[in-house]
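Scroll down for the structure; my scribbles are underneath it.
Quick note: numbers below take in every heavy atom, side chains included, and nothing from hydrogens, waters or symmetry partners.
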Amino acid sequence: PLLVSSLLSRLVNYTNITQGAKEHEEEESTESPNMGTLMGVYLPCLQNIFGVILFLRLTWIVGMAGIMQSLLIVLMCCSCTMLTAISMSAIATNGVVPAGGAYFMISRSLGPEFGGAVGLCFYLGTTFASAMYILGAIEIFLKYLVPQAAIFHSTDPLGSDSAMLNNMRVYGSICLTLMAVVVFVGVKYVNKLASLFLTCVIISIVSIYAGAFKSMTHPPEFPICMLGNRTLVRDRFDVCAKTVIEGNHTMPSQLWDRFCLPGNLSSTQCDDYFIQNNVTEIQGIPGLVSALLLENMWSNYLPKGEILEKAGLQSVDAHGTMDNFGMYVSADIATSFTLLVGIFFPSATGIMAGSNRSGDLRDAQKSIPVGTILAITTTSLVYLSSVILFGSCIEGVVLRDKFGDAVRKNLVVGTLSWPSPWVIVIGSFFSTVGAGLQSLTGAPRLLQAIAKDNIIPFLRVFGHGKSNGEPTWALLLTGLIAELGILIASLDMVAPILSMFFLMCYLFVNLACAVQTLLRTPNWRPRFKYYHWALSFLGMSMCVALMFISSWYYAIVAMGIAGMIYKYIEYQGAEKEWGDGIRGLSLSAARYALLRLEVGPPHTKNWRPQLLVLLKLDEDLHVKYPRLLTFASQLKAGKGLTIVGSVIQGNFLDSYGEMQAAEQAIKNMMEIERVKGFCQVVVASKVREGIVHLIQSCGLGGMKHNTVVMGWPYGWRQSEDPRAWKTFINTVRCTTAAHLALMVPKNVSFYPSNHERFTDGNIDVWWIVHDGGMLMLLPFLLKQHKVWRKCKMRIFTVAQMDDNSIQMKKDLATFLYQLRIEAEVEVVEMHDSDISAYTYERTLMMEQRSQMLRQMRLSSAERQREAQLVKDRHSLVRMGSLYSDEEEEVVEAPPEKIQMTWTKEKCEAERRNRNNAPENFRELMSLKPDQSNVRRMHTAVKLNEVIVNRSHDARLVLLNMPGPPRNTDGDENYMEFLEVLTEGLERVLLVRGGGREVITIYS
């Protein structure tokens, strides 16, 4: 007796509201969570799963789909929810699940983007569920409880649908408003009613079983009137016969008057079908022992407006000439298997009820799996047995009659129940109202939980509520969305919408479980052991399949909504880090891809510049030349790898904070310039060493840079500190040693920003030595960007006296054609003219300057050693040309950016000046500069003259960059040669290949 009494007392206190709803109820807030599996999970799940569809639509589904397909529908839906429950149990037992249920589980295991998408899907699903329950309640109210309450009446019997829908809209809106008020005033009232609603559901279901088994011996009396094999609407006439005998006279019955013109019994003015067929009466519920099972085994889908006919009854087919005024029972919508799946699925949902209240449970990790899986098993068995009972107890035409027109407008399930149809009508009415109230209570709390997480900024307002935590604003929004569902007004239209959102939610629950299991996340150790990634994957596939089976266009819309929410949260940059599985998935995928890349260097076809951009920061840690990043972003167009590196001079232990600040500054600048890539700042005692570290160690595995981009050391001539340009030349040497390509944009501040557009102009390539095709590839890549898209490409190559320039031009054009690069080709001839006095003067100035600077920097001991070195250098004939490291080779040079402009006219003017001052000039000549320097300077001057002449108005000039001298003594001279080479040009890109082919003629 004690056990029974305690069970009863708990049932009386039973509630189906999630714990968030009762936080403000003082008398309950002091209690510790003490609900067991039965009260906390099993009964709420049971109540949420059993719903309006079981009472209002299951008989109709069995009638249309037949027993076999109905069993298939039930099995599909229930196995989908069962698999989801297994995944959900695994997630729910992996750590503590606070309030928020499904949303919380998914967002914490799949990240804020998926969490937000699923949370909103679940929210919309619950909101539409409340609309569906309200529509169900109103349907019961208007069709079976108080039919005379209808406001709109149809004059045309065939047009009764629209009148009915309008009634549903009016009453639905009233009902929704009342429910919203109840929820707003206080959840405790909903709470108190929960046990009443649950009792209604259980009593209704028990009465169906009782009635079914009673029908074996005493089938209930529900006769159906048939005309031929067509079913008649029973409440339109009194007696099921064509004539009635009053006294001794045979009189036309009400039925006769419906089908014939009033007056006499002559059959001339009657409906043909009525005259040629007999009126018969058959039992609507023959009982369980009949052969109905076979008759109802197979499907019988009907188009809209088709009259319900019973197979096996004799009938003469004749076209009725007269309108039958809605005398026949007909199909109100066209049916198909897919439609019925969408309508039935909501009756399998509700499995989250237990996990939503995890905070109330004594031992959530034990109760949730056991309770949920038991509830799904129970409901599945009830559905499967109901399908078989309905199919074997109720006549087929009655099953297919959605609103019970053939059985005097009784609820079809009600005809089967014992002791009276009213048990089910009233029971189902209360249970649907209760379920609607619960959905209306749960949905705003879910929205409030999402809003409070602050991952979807525009929902922030819905996080606020009354002082006691009641989500007022969220309730308002929920009411508005539910009103949309009510305006649709048809239960059969709302059910598939709701199916979509729940299926999306279940899909993500399964995905979360599968991802965590497959990735073997260290934190993934659920207490519930009976899960497997294959089961989750199967559940996920079933969700997708059911979505597309029930309604492919709704499925696409639902996925679109979820996708948009996902992208929106991602775009807003969800700052939340919840240790989610998707982050783990990205890591896993990245590792896999990197290991695959390790295999070898990329094929020439796949070669693209993977950049290491070396940036210089000023004292305030601001980027000195942000245009370098602009150039990198234009060259990459978001593809491939970009690493932005910088060096901070100092000690790592002291400079760590500075390094982080520098990294942040660079990242901000990368964002402004739209460079997608990585940032690496190193601290080194010398800048030169830091750069060498970056060149050696940036990148990971196959994701390494193959090209270095660095700025030109502006003002190196004026600088007393030679470290800037020494570092520059050292970097050039390092990139050559590492077989990396090198790009030096000179006058980078003149380069275009990402917002500029060149509408015309040329990109000129001066192809002096072939170093792997970099010069051809770079303009092509630049032209992919909108800044450079309209520019034309011109390629110049230099011919010596003994070259056949015409043949060279033909060959080059053919080569470019095979490379599929569109460009104009020009061959420029350079004549070996006398070395001009100007060249001598430039060479001498260069040498004297470098010597003077050196003297300033050297101690006296070093000065003597230096004198010896200068003497040795004069005795050597080194660097026969600007471009080669060999002793005596023909050499050509590359161009750079604006410093000073030397044109032919200026050269002539200089010469004239010199002729006017012969003593001065002779004095200069007597100083005899180094011959190799003179030759190289000559090449640089000549080449610069030609380039300035042809490309002075080009948008960009690309040139081969000569290699630095092997002997470091020539470094300053090398800088001077580069300056001379690029004088008079606005934008120059010096390019040095990495020693491999980067462009191919093969596809």
When rounded to the nearest 0.5 angstrom, what is the spacing between [atom1] in [X] and [atom2] in [Y]?
{"X": "S490", "Y": "M168", "atom1": "OG", "atom2": "CE", "result": "7.0 Å"}
{"X": "N48", "Y": "T349", "atom1": "CG", "atom2": "OG1", "result": "8.0 Å"}
{"X": "L498", "Y": "M493", "atom1": "CG", "atom2": "CE", "result": "14.0 Å"}
{"X": "S551", "Y": "L339", "atom1": "OG", "atom2": "CG", "result": "9.0 Å"}
{"X": "S173", "Y": "I486", "atom1": "OG", "atom2": "CD1", "result": "5.5 Å"}
{"X": "I208", "Y": "S385", "atom1": "CD1", "atom2": "OG", "result": "9.5 Å"}

Any chance the side chains of [X] and [Y] put a donor and an acceptor closer than 3.5 Å?
{"X": "S130", "Y": "S439", "result": "no"}
{"X": "Q69", "Y": "Y301", "result": "yes"}
{"X": "S330", "Y": "E306", "result": "no"}
{"X": "T478", "Y": "T127", "result": "no"}

Work out which heavy atom in [X] is nearest to a heavy atom in [Y]; give both atom names and the distance.
{"X": "S428", "Y": "L411", "answer": "OG-CD2, 4.3 Å"}
{"X": "I67", "Y": "G391", "answer": "CD1-CA, 3.6 Å"}
{"X": "F430", "Y": "C200", "answer": "CB-SG, 3.5 Å"}
{"X": "F528", "Y": "A90", "answer": "CD2-N, 3.9 Å"}
{"X": "A558", "Y": "M547", "answer": "CB-CE, 4.3 Å"}
{"X": "I91", "Y": "C513", "answer": "CD1-N, 4.0 Å"}

- Message: Below 30° counts as parallel, above 60° as perpendicular, anything between as tilted: where do the rings of F213 and Y209 land?
- Response: parallel
- Note on the structure: Which of I307, T231, L255 passes side chain to side chain contact (heavy atoms under 4.5 Å, CB included) with M327? It is L255
- Note on the structure: From the list I73, V341, T338, side chain to side chain contact (heavy atoms under 4.5 Å, CB included) with L546 holds only for V341
Short question: side chain of [X], backbone of [Y] - any donor-acceptor pair under 3.5 Å?
{"X": "N167", "Y": "F152", "result": "yes"}
{"X": "T517", "Y": "W533", "result": "no"}
{"X": "T217", "Y": "K214", "result": "yes"}
{"X": "N410", "Y": "V407", "result": "yes"}
{"X": "N296", "Y": "I388", "result": "no"}
{"X": "R169", "Y": "L487", "result": "yes"}

In the structure I gave you, are the side-chain heavy atoms of [X] and [Y] within less than 4.5 Å of one another anywhere?
{"X": "I53", "Y": "L58", "result": "no"}
{"X": "T335", "Y": "W60", "result": "yes"}
{"X": "Y42", "Y": "L38", "result": "yes"}
{"X": "Y383", "Y": "S347", "result": "yes"}
{"X": "L46", "Y": "T378", "result": "yes"}
{"X": "I394", "Y": "L389", "result": "no"}
{"X": "L193", "Y": "L196", "result": "yes"}
{"X": "N166", "Y": "V170", "result": "no"}

May I have the list of side-chain donor-acceptor pairs in residues 132-144 shorter than 3.5 Å, sequence neighbours left out?
{"unit_1": "E139", "atom_1": "OE1", "unit_2": "R57", "atom_2": "NH2", "d": "3.0"}
{"unit_1": "E139", "atom_1": "OE2", "unit_2": "R57", "atom_2": "NH1", "d": "3.0"}

Tell me which donor-acceptor pairs under 3.5 Å the side chains of residues 277-284 have, and how far apart each pair is, sequence neighbours excluded?
{"unit_1": "N277", "atom_1": "OD1", "unit_2": "V316", "atom_2": "N", "d": "2.5"}
{"unit_1": "N277", "atom_1": "ND2", "unit_2": "Y273", "atom_2": "O", "d": "3.0"}
{"unit_1": "N277", "atom_1": "ND2", "unit_2": "V316", "atom_2": "O", "d": "2.9"}
{"unit_1": "Q283", "atom_1": "NE2", "unit_2": "E221", "atom_2": "OE2", "d": "3.1"}

Could you pull out every donor-acceptor pair under 3.5 Å between side chains of residues 78-85 and any protein atom, sequence neighbours left out?
{"unit_1": "S79", "atom_1": "OG", "unit_2": "L75", "atom_2": "O", "d": "2.6"}
{"unit_1": "S79", "atom_1": "OG", "unit_2": "M76", "atom_2": "O", "d": "3.1"}
{"unit_1": "T81", "atom_1": "OG1", "unit_2": "C77", "atom_2": "O", "d": "3.3"}
{"unit_1": "T81", "atom_1": "OG1", "unit_2": "C78", "atom_2": "O", "d": "2.9"}
{"unit_1": "T84", "atom_1": "OG1", "unit_2": "C80", "atom_2": "O", "d": "2.8"}
{"unit_1": "T84", "atom_1": "OG1", "unit_2": "N510", "atom_2": "ND2", "d": "3.2"}

Let me have the donor-acceptor pairs involving side chains of residues 398-405, under 3.5 Å, with sequence neighbours excluded, atom names and distances please.
{"unit_1": "R400", "atom_1": "NH2", "unit_2": "E309", "atom_2": "O", "d": "3.2"}
{"unit_1": "D401", "atom_1": "OD1", "unit_2": "G404", "atom_2": "N", "d": "3.3"}
{"unit_1": "D401", "atom_1": "OD1", "unit_2": "D405", "atom_2": "N", "d": "3.2"}
{"unit_1": "D401", "atom_1": "OD2", "unit_2": "D405", "atom_2": "N", "d": "2.7"}
{"unit_1": "D401", "atom_1": "OD2", "unit_2": "A406", "atom_2": "N", "d": "2.6"}
{"unit_1": "K402", "atom_1": "NZ", "unit_2": "D332", "atom_2": "OD1", "d": "3.3"}
{"unit_1": "K402", "atom_1": "NZ", "unit_2": "D332", "atom_2": "OD2", "d": "3.1"}
{"unit_1": "K402", "atom_1": "NZ", "unit_2": "D492", "atom_2": "OD2", "d": "2.4"}
{"unit_1": "D405", "atom_1": "OD1", "unit_2": "K409", "atom_2": "NZ", "d": "2.6"}

- Item | Working for side chain to side chain contact (heavy atoms under 4.5 Å, CB included), residues Y530 and I86 | CA-CA 8 Å; Y530 308 101; I86 292 172; 5.8 Å; no
Name each donor-acceptor pair under 3.5 Å that joins a side chain in residues 501-509 to protein atoms two or more places apart or in another chain, with its distance.
none

- Message: Using the rule given for side chain to side chain contact (heavy atoms under 4.5 Å, CB included), can you reason through V370 versus V41, listing the C-alpha separation, both sets of side-chain angles and the distance that settles it, and then say yes or no?
- Response: CA-CA 8 Å; V370 176; V41 183; over 6 Å; no
- From CA spacing to verdict: side chain to side chain contact (heavy atoms under 4.5 Å, CB included), F222, R408: CA-CA 9 Å; F222 280 104; R408 296 190 180 276; over 6 Å; no
- For C225, enumerate each residue passing the disulfide bond (SG atoms under 2.5 Å apart) test, keeping only those at least two apart in sequence or located in another chain. C240
- Item | Evaluation steps, side chain to side chain contact (heavy atoms under 4.5 Å, CB included), between F344 and V74 | CA-CA 8 Å; F344 178 76; V74 173; 3.7 Å; yes
- Query: Near M297 CE, under 6.0 Å, is it more than 12 heavy atoms from other residues, nucleotides or ligands?
  - Reply: yes
- Task: Answer yes or no: are there more than 12 heavy-atom neighbours, outside F548 itself, under 6.0 Å from its atom CZ?
- Result: yes
